[in-house]
Amino acid sequence: MQIIMSIMTRDQFFTSFNEVIHTPSRFTVLSHVNPDGDAIGSSLAFSQMLQKLGHAVEVIVPNDFPDFLAWMPGASSIHVYDKDPDQCDSILKASDALFVLDFNHISRSGAIRNTLENLNIDKILIDHHRDADMSQFRCALSETEVSSTSELVAEIILHYGEQYLDDAIATNLLVGIVTDTGSFAHSIFHPETFSICAKLIEKAPSYNQIHQLVYDTFSENRLRLLGYSISNKMEILDEYATAIISLSKEELSQFDYQVGDTEGVVNYPLSMKKMRMSVLVTERQGVIRFSFRSKGSFSVHELAQKYFNGGGHTNAAGGTLNCSMDAALEKLHRILPEYKELLINK
Ligand code: 5GP
Ligand code: MN
C-alpha cells in the first residue's frame, strides 16, 4: 500500500488552490536559500504554468544558484534577493499571494526572512520536506513520500491537463526530479515518479542533453576538489558506519570554490557497502554548513534537527552551526555515540 503523508488531502488542496488562482493575479514564487535543481526547476515550471493561466508571476530566491542550472528555461528571469533586495521587497509587497516551493520553514528563507515575517498575504505551500508548520499557509500540498517538489508541481500541472506541459516546463521539472533523486538512485517512493517522467520526457527536447547540461559541466578545479575530498579528507569511523569530510574556507579557496562545487561530494562515501551515514562539513561565510546523507532507515533529518539547527528528509538533510570548524567537528564526534545502535543495526 502506498502511504502518502498528507497534511491536507489533494482534494482539499485543489479546492483551495482553485480559489487562489481563480482571478488573474500577481503572484510570487519563492524557493529556499542555496537553491538546488529542485528549487529552481519546480519554481520555474510552476511560474510558467501560472503564466499560462493568465497570471503575472515573478520567481525569487534568497541567494544565487549554481552555474550548472543557469541554462534552464527561464532561469535568467529569476530575481536573486541578495543581489537586489529593494526590487525583491517591492515585488513581494505588490503580490496577491506567495507560493512557497521546496521548503517549509522560514529559517530556510535566508535574507528574505524579515520581509516574509511582515508579509500579510496568502501563502501556499508546495513541498516535500518533513515537519511543515501548517499554521503559516492558506493551503498546502505537502507530501514527504515523493521524490521532489518538481514531481508535486508535475502532478498539479497534469491535474489541469497535459496540454499545459510544454518543452520548457518539462525540462525544468525533469531537472528537479533528476537532481533530487541523484539520477533516479534514491528518493523513489512509487512507480508514478517514472510514469510522470515518461510524460515529461515525451515533451522535453532531449533527456540525454538535460543530464549532460546538469552533470557534465565540472570545472577542472571542481573535479580536483572532489578527488581531494575523498583522498585526503575522508575520515572513516567504522564503529559508527559513518564517513566525515570537512573542508575549510582555505581548502575551498585553494580549489577556487564556486557556488555548487561541493554539490554531490557527500554522496560518494555512501557508495561503500559498509557506510550508513555520510557527513560533509564546510566552512562558509561565517557559518559551518552540514550536509547529511544516509542509507536505509537511519534518519539524518532527526539528527540535523536535534543538533544542527536543520532538517530535511530521512536520507538527506542539512544544518548549520555558528562556530569554528574544530568546534563543529568536535560536536559531531560527541553526538555519534547516541546514534551508534541505530547506525550499526541494519
Ligand atoms: P543539502 O545537503 O543538499 O544541502 O540538503 C539536503 C536536504 O536537506 C535538502 O532537501 C534541503 O532542502 C534540506 N536542508 C539543507 N539544509 C537545511 C537546513 O539548514 N535546514 C533544513 N530544515 N533543511 C535543510
Ligand atoms: Mn527538493
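Remember, it's 1-based here, ligands and their atoms both numbered in the order they're listed.
The ligand atoms of ligand 1 that sit less than 4.0 angstrom from a heavy atom of His313 are 10 (O). Within ligand 1, counting atoms from 1 as listed, the ones closer than 4.0 Å to a heavy atom of Arg293 are 1 (P), 2 (O), 3 (O), 6 (C). The ligand atoms of ligand 1 that sit less than 4.0 angstrom from a heavy atom of Gly312 are 8 (O), 13 (C), 23 (N). Each of the atoms 16 (N), 19 (O) of ligand 1 lies under 4.0 Å from some heavy atom of Gly319.
Nearest N/O/S atom of Asp38 relative to the Mn ion (ligand 2): this is OD2. For Asp102, the N, O or S atom with the smallest separation from the Mn ion (ligand 2) is OD1. The atom name of the N/O/S atom in Asp180 closest to the Mn ion (ligand 2) is OD2.
If you run side chain to side chain contact (heavy atoms under 4.5 Å, CB included) between Ile201 and each of Ile196, Ile210, Thr171, Leu174, only Leu174 comes through.
When hydrogens are left out, the protein atom nearest atom 7 (C) of ligand 1 is Ala316 O, 3.6 Å; that is the closest non-hydrogen contact. When hydrogens are left out, the protein atom nearest atom 23 (N) of ligand 1 is Gly311 O, 3.0 Å; that is the closest non-hydrogen contact. His129 NE2, 3.8 Å is the protein heavy atom nearest to atom 9 (C) of ligand 1. Nearest protein heavy-atom contact of atom 1 (P) of ligand 1 is Ser291 OG, 3.5 Å.
The CD atom of Gln136 lies 10.0 Å from the CG atom of Leu125; values are rounded to the nearest 0.5 Å. The OG atom of Ser294 sits 10.5 Å away from the CD atom of Glu302 when rounded to the nearest 0.5 Å. Between Ser47 atom OG and Lys52 atom NZ the span is 11.5 Å, to the nearest 0.5 Å. In this structure, CG in Asp102 is found 11.0 Å from CD1 in Ile126, a value given to the nearest 0.5 Å. With values rounded to the nearest 0.5 angstrom, Thr149 atom OG1 is found 5.0 Å from Asp127 atom CG.
Connection of Val33 to Tyr81 is not established within any shared hydrophobic cluster, with ILVMFWY side chains joined at heavy-atom distances below 4.5 Å, either directly or through further cluster members.
Note on His128: counted as a metal contact of the Mn ion (ligand 2), an N/O/S atom lying under 2.8 Å.
Close N/O approach between Thr320 and ligand 1 is not found [any backbone or side-chain N/O within under 3.5 Å]. Polar contact check, Asp102 against ligand 1: no nitrogen or oxygen pair lies under 3.5 Å apart.
Within the set Arg130, Arg289, Arg108, the minimum heavy-atom distance to atom 20 (N) of ligand 1 is found for Arg108.
Aromatic pair Tyr339/Tyr240: ring centres not closer than 6.0 Å.
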Donor-acceptor pairs under 3.5 angstrom involving side-chain atoms of residues 175-186: please list them, not counting sequence neighbours.
from   : atom 1 : to     : atom 2 : distance (Å)
Thr179 : OG1    : Val175 : O      : 2.7
Thr179 : OG1    : Gly176 : O      : 3.3
Asp180 : OD2    : His128 : NE2    : 3.1
Thr181 : OG1    : Ile177 : O      : 2.8
Thr181 : OG1    : Val178 : O      : 3.3
Thr181 : OG1    : Phe184 : N      : 2.8
Ser183 : OG     : His211 : NE2    : 2.8

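Ion pairing between Asp238 and Lys274 holds under the 4.0 Å rule for side-chain N and carboxylate O.
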